[in-house]
J.: 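After the structure tokens below, expect a handful of questions from me.
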Amino acid sequence: MTKLQDYANEIMSILNTNYSKQLKFSGIIKDIHELMTRVLEKDGDVVLDVPSLVRCFVDATMDFESPIITYLEKIEEEIKKGKH
């Protein structure tokens with residue numbers, strides 16, 4: 001498993017644990033979950049606007065210290081490096 005997949009799995013695990021009820025409805029939580037599914041399937045061939053995702057996530061959850069933010073930033077770094 002690549003770093004990208006590891007980070008995507010971590011995000012999905014957090015979403016499933018902490019935001020499971022919100023996954024049923026449209027919004028940033030569901031959007032991030034779907035994006036992480038694509039990252040797992042395509043392993044880096046996904047375009048992410050991480051600053052926008054983080055901003056929307058924080059606006060929706062008010063969770064400024066969520067590890068999801070850190071993992072999104074790590075995914076962005078890995079995609080930029082091309083190391084996946």
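Computation of the quantities below employed the complete heavy-atom set of this structure, encompassing side-chain atoms and omitting hydrogens, waters and symmetry-equivalent molecules.
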J.: Determine the minimum heavy-atom distance between I75 and A8, stating which atoms define it.
T.: CD1-N, 3.9 Å

J.: Kindly work out whether a path of hydrophobic side-chain contacts (I/L/V/M/F/W/Y, heavy atoms less than 4.5 Å apart) joins F25 to M62.
T.: no

J.: Could you state the interatomic distance from CG (D31) to SG (C56), rounded to the nearest 0.5 Å?
T.: 8.5 Å

J.: How many angstroms lie between atom CD1 of I11 and atom CG of L35, to the nearest 0.5 angstrom?
T.: 9.5 Å

J.: If you round to the nearest 0.5 Å, how far is OG1 of T61 from CD1 of I28?
T.: 9.5 Å

J.: Restricting to non-hydrogen atoms, name the atom on L23 and the atom on L15 that form the minimum distance, rounded to 0.1 Å.
T.: CD1-O, 4.1 Å

J.: Does the side chain of Q22 come within less than 4.5 Å of K30's, by heavy atoms?
T.: no

J.: In terms of ring plane angle, is the pair F57 and Y19 parallel, tilted or perpendicular, where the classes change at 30° and 60°?
T.: perpendicular

J.: What's the spacing between T37 OG1 and I32 CD1 if we round to 0.5 Å?
T.: 12.0 Å

J.: For the residue pair Y71 and I14, establish whether any side-chain heavy-atom pair is separated by less than 4.5 Å.
T.: yes

J.: On a heavy-atom basis, which atom in I69 and which in D63 lie closest, and how many Å separate them?
T.: CD1-O, 3.6 Å

J.: Between K81 and E78, is there a salt bridge with N-O shorter than 4.0 Å?
T.: yes

J.: Heavy atoms, side chains only, cut-off 4.5 Å: are D6 and E10 in contact?
T.: no

J.: From L4 CG over to I79 CD1, what is the distance, rounded to the nearest 0.5 angstrom?
T.: 5.5 Å

J.: Between atom NZ of K80 and atom CG of L48, what is the distance when rounded to the nearest 0.5 Å?
T.: 11.0 Å

J.: Is the closest side-chain heavy-atom distance between M36 and L72 below 4.5 Å?
T.: yes

